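Data first, discussion second: the structure below is written as structure tokens.
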Amino acid sequence: MIIAMVMVLTGFGAVGTISADAANGENGGLLWYFKDTGGTSMQGVSAPVVDGHYVYMASGKVLYKIDAATGETAGKASLSGSIGYNKLAPTVADGKVFIPLGGAKLDIVDSSTMKVVKSITYAENQSSHQSLTPAIYSEADEAVYLGSWRKGASGTFAKVSLSDNGDTQVTKIADSTTGFYWAGACVDENYVVFGSNSAGDDNTPATGDAVLYAYDKNNKKVITEPLSGSGSICSTVVSYNGKYYFTSKAGKLHEVEVADGKINKKVKAELSGASTCTPVITDDGIAYVGTSSSVMVIDLNKDKDKDKDNIINTYTTPGDVKFITLSGDKIYCTYNKAPGGIYVISSGVGNNYFIPHSSMQNYCISSIAQGQDGTLYFTNDSNNLMAVRDADELITATWNGADSSGKISARAYTGSAVKPGVTVQYDGNALSAGNDGYSITYSNNIYPGTATAVIKGTGSYEGTHILNFGIKSPAIAAQKTVTAQLYGYDDVQVKWSAQSVSGATVYYKVEYKKGSGGWSTLSNGTTALSLKKTNLADGAGYYFRVTPYVKVNGTTYYGTSKTSSIIYTLKKLSKPSVKKASKKYIKISWKNISGESGYQIARSKYKNKKFSVVKTVSYKYSSYKLKTTRNKTYYYKIRAYKTVNGQKIYGPWSSVKAYKLK
């Protein structure tokens, strides 16, 4: 059994009575998880608190009431402000939920109706201050104690009194130039004991002097005691056997007594590292304390200077331990480091009790709340609330086919929902999907990327499995063929082979370029299988490139391009050269053009009309002899042609050359 303090501190750290009915074993499994799908602020969610059949957790400006057995939302309250950076658990007591908010405010929510019944500002001129201490409720006082903090500014610690008629009264207990950060109070019959931050700009400096406060409830006076070199006090003060205990950032466990208007202090133990962890003390005086890298077990019945052996054990942990939960003979803790799960120490051996699914891994400063049936509840910086039980009490899942147990191989994109098959078992026996077996839901399982499958036990079966699997990018084959051909002397038609992709329309990006120049776009996306490009440069070589692609869920996926062979347009020939070849013949010459099929020679008696083709020659010729009439002027011109699919395509005529054979 764990010592319960006089004040009620439900859900903050591991202080207070905790059920000893912990689940056996050291391998935890996920019972269920909850995430605020409406979105949270950058600061995230609070730690959880369990009260009866419900778990309470704050997220931004919302307080959630969640069924502890199923993870279903049972209610929610709209708060008057945001929790900001306060990730400490709300406090549940006397049918109410107390939630510190930014701006030095406290909201009081009726736990049954989930309505805010009071919203109280407990510090003057502190609108920019954060509420970063737990709300400590004292049933005897009918009051809540809490404090504020702001970087580089002061803070206020106050008492908020609650009367039977619902009226409230705020009493300022203390101001601090360094503020109060995670500094929860211990409230008993005579005193309210709490500590401050130390000087410095950092929110939790490891050096400097903090101040311990003891508010005498009987004469309404505050006793203060400086703690030289202690570093910040970011621990809730707890009591045992008439003394008060807390840790400090300088790595010390402090013990103090308050009597006759004085505070008597001593360092009870030198810790293995900095500590912001609230001590958990059993009824036989054994204290459990978390440090930056360990959990330490300390015998408070022994003195470190006299007995030399008051430190019983030091257990190495994966990271900085902020909170400890004891259950039976087990020590559970979270740690401020990825993957942000639960660590357990049992029979002197430490192990990872629960490692979250990859989508839920992150740093963690959450306390662990434990239900009466042994279920553990915690959050981390992934903003998920997770319920954890022994894995052997939960269902198991194995994916069918070639998939290995616990993993799903990547699936092809089809344009439809992808739903891999699964075999679900409990205690070696296969279960069926339905009301008394399991349910399976998929998300993000249509489009390429990472899909998620969530399997939950139903009816008599419990447990949740979350598994990711990939959906591959659409399979686009490399473009097979691209051909280009003339249909006019400076016009080209480009054609390409068709592609098909399951679940998507294939588009084609078509580009062209002249020689070694840069690519220009003919079409950014067409579903046709041919396009024409007109008015290209005469006598130039062109390439055409086709790239297939599909658009899926706003993302474009490209296939491999294919480029055509070079295609030449027909060039306008220069004015031909005409010379005398003999008494009856002239020789007409021209410069041959690469890629042409042949040439036509035309002649007329007139400069601008009535030309007729007098000879057609193949591409092998660059001159030809024509018989003509002497002492008569004729006009000559020439053009190239190209044969495409049996049809001749002619280039433009050259300029006219006049010649008289003498």
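Computed from a predicted structure; not experimentally measured.
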inquiry  = Among V280, T236, L88, which residue satisfies the side chain to side chain contact (heavy atoms under 4.5 Å, CB included) criterion with F323?
reply    = L88

key: Lys/Arg-Asp/Glu bridge criterion (N-O < 4.0 Å) met for K266, D303   = yes

inquiry  = If we count only N and O atoms by modelled type, under 3.5 Å, do the side chains of S294 and T314 hold a donor and an acceptor together?
reply    = no

Residue pair N383 / K35, side-chain heavy-atom distance below 4.5 Å = yes

inquiry  = If only side-chain N and O atoms count, and only distance matters, is there a donor-acceptor pair under 3.5 Å linking N351 with Y353?
reply    = no

query = Looking only at side chains, do Q370 and S327 share a donor and an acceptor under 3.5 Å apart?
reply = yes

message = Within the structure provided, determine whether C333 and Y288 are in side-chain contact (heavy-atom separation under 4.5 Å).
response = no

inquiry  = Is a donor from one side chain sitting under 3.5 angstrom from an acceptor on the other, for T276 and K249?
reply    = no

query = Any side-chain donor paired with an acceptor under 3.5 Å for E255 and Y245?
reply = yes

ask   = Can you list the residues that meet the side chain to side chain donor-acceptor pair (under 3.5 Å) rule with N336, with sequence neighbours excluded?
value = none

request  = Pick out which of Y181, W182, Y85 makes a ring-ring contact (aromatic ring centres under 6.0 Å, His included) with W149.
outcome  = Y181

key: No-hydrogen, no-angle side-chain donor-acceptor test under 3.5 Å, Y363 and N380   = no

Minimum side-chain heavy-atom gap K159-Y122 below 4.5 Å = no

task = Answer whether the closest heavy-atom distance between the side chains of I311 and V297 falls below 4.5 Å.
result = no

key: Test of ring centre spacing under 6.0 Å for Y64 and F34   = yes

ask   = Is the closest side-chain donor-acceptor distance between N362 and S382 under 3.5 Å?
value = no

query = Do the rings of F157 and F180 sit parallel, tilted or perpendicular, given the 30° and 60° boundaries?
reply = perpendicular

query = With no hydrogens and no angle check, do the side chains of T156 and D175 hold a donor and an acceptor under 3.5 Å apart?
reply = yes

inquiry  = For a quick check under 3.5 Å, do S248 and H254 share a side-chain donor-acceptor pair by atom type?
reply    = yes

request  = Decide whether D283 and Y240 meet the rule of one side-chain donor and one side-chain acceptor closer than 3.5 Å.
outcome  = no

query = Between T178 and N197, do the side chains contain an N or O donor and an N or O acceptor separated by less than 3.5 Å?
reply = no

inquiry  = Within a 6.0 Å radius of atom NZ on K217, are there more than 12 heavy atoms belonging to other residues, nucleotides or ligands?
reply    = yes

Quiz: residues 72-80 side-chain donor-acceptor pairs under 3.5 angstrom, not counting sequence neighbours:
from, atom 1, to, atom 2, distance (Å)
S80, OG, K105, NZ, 3.2
S80, OG, D107, OD1, 2.7
S80, OG, D107, OD2, 3.1
S80, OG, S119, OG, 2.8

ask   = Just by distance, with hydrogens left out, do D141 and Y145 show a side-chain donor and acceptor under 3.5 Å apart?
value = yes

request  = Indicate the ring-plane relationship of Y213 and F194, choosing parallel, tilted or perpendicular according to the 30° and 60° boundaries.
outcome  = parallel

